[in-house]
Structures are given as C-alpha cells and as structure tokens.
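So the structure is just underneath, and the comments pick up after that.
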Amino acid sequence: MATHQYDSQGLRVINVVLVGRTIASLINLAEHDDLKITVIDPETIDTAILAIIAAEADITVLEQYNERINADILCLVLATNYAHNQTIILSDKTPDFNQLKATGFRARGYITPSQHDKLVKAIRAVHDGEAWLPRRLVADMLNHFAAGAIGQ
C-alpha cells in the first residue's frame, strides 16, 4: 500500500491527513521532514472523503470521538472507497475487539493517550505495512477468532 513519493532531497514523503484540529499538536513538524501533513476539520463523512482523496493520503489519523463524524464509519468508508489509505485512530481508552469490528477490521492502528508521543512512529509503521495495535487487542482478536474456529 505504501507509495513512494520523494522530496527534492530524495527523502520518502508520507502524505498524512489529520481529521480534527487537536491531533496536529502531537507532531512537531520541524523534526519530521518526511511527513506532509494536511489538517482537515470536515462537517460530514462525504467532505472528509473528498479532502482525504484530494490530499492523496497514505495515512489518515482520526479522533475516535468526533462530534460530527463517526470515526469507525469513516474508517470503513475510506477502506472501501480509497484503499490506498490506511487509518490510525486516536482513542481515549484501550480499544477492544468490538471497536475494531466496528471499523470492519479496517483500522490499522490505535493510539491511546499514553502513546501520543508514539504517533509519528505509528504512522511510519503503518505506512510500511505493519499494524499498530495494543497487545491486549491482539490477544482479544485471537481469542475471538479461535472461539469462532472451534465453534465451526
């Protein structure tokens, strides 16, 4: 999924869209020349999708609780309509299986408050094809999938 756009010095650039104005404060842009950040604050999922596509986003970072836009639905719609993009969700608590399921298993990362300082590392990891999921969520997923496999 990763694209390889480069700047004038040959540095790989990751197009990142932040949905919500508070997320930008978590990234010191002066330290990260390889990130092209676009901040949007859309009114609807449709306007969010259009802005994310226009920005040619590689990674979209969403706030889990946004007054106007359901992050889970936006994540699922993005995955369906703009498969090039990967989504990371900022959550105020450790996500569980049901939260991941609500995204259609499309969220590639969750950042909890204790990991806000790891956002850039998570962006790079997800861009490189990895997932950024809490270990407890991975264990929860495995338990659900194992229970489903045993019940068949």
Exercise for review: Decide yes or no on side chain to side chain contact (heavy atoms under 4.5 Å, CB included) for D41 and R68, but give the supporting numbers first.
Suggested key: CA-CA 9 Å; D41 194 17; R68 296 179 297 230; 2.4 Å; yes
Practice item. Mind running side chain to side chain contact (heavy atoms under 4.5 Å, CB included) on I52 and V19 for me, showing each step along the way? Key: CA-CA 9 Å; I52 291 164; V19 180; 4.3 Å; yes
Practice item. Apply side chain to side chain contact (heavy atoms under 4.5 Å, CB included) to the pair V13 and D34, showing each step before the final yes or no. Key: CA-CA 4 Å; V13 176; D34 62 330; 5.7 Å; no
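There is a path of hydrophobic side-chain contacts, each under 4.5 Å, that joins Y110 to I73. Note on L78: it does not cluster hydrophobically with Y65, by side-chain heavy-atom contacts below 4.5 Å among ILVMFWY residues. The hydrophobic clustering, which links ILVMFWY residues whose side-chain heavy atoms are closer than 4.5 Å, places L74 and L50 apart.
In this structure, N15 contributes its side chain and D58 its backbone to no donor-acceptor pair below 3.5 Å. Within the 3.5 Å criterion, the main-chain N or O of D140 finds a donor-acceptor partner in the side chain of H144.
Taking all atoms of both residues into account, the shortest heavy-atom contact from A107 to I89 is CB-CD1, 4.0 Å. A pairwise comparison of heavy atoms in L133 and M141 identifies CD1-SD, 4.2 Å as the closest pair. Nearest heavy atoms, S91 versus Q64: CA-CB, 3.9 Å. Across every non-hydrogen atom of R106 and C75, the tightest pair is C-SG, 3.7 Å. Considering all non-hydrogen atoms of both residues, T112 and T94 come closest at CG2-CA, 3.8 Å. Residues G104 and L76 approach most closely at CA-CD1, 4.1 Å, considering heavy atoms.
Heavy atoms from other residues, nucleotides or ligands lying under 6.0 Å from CZ of R136 number 12 at most.
The residues R12 and D128 are annotated as salt-bridged, a charged nitrogen and a carboxylate oxygen being separated by less than 4.0 angstrom.
Annotation: side chain of E63 is not in contact with side chain of D92 (no heavy-atom distance under 4.5 Å).
Relative orientation of the F97 and F145 rings is perpendicular, given thresholds of 30° and 60° on the angle between their planes.
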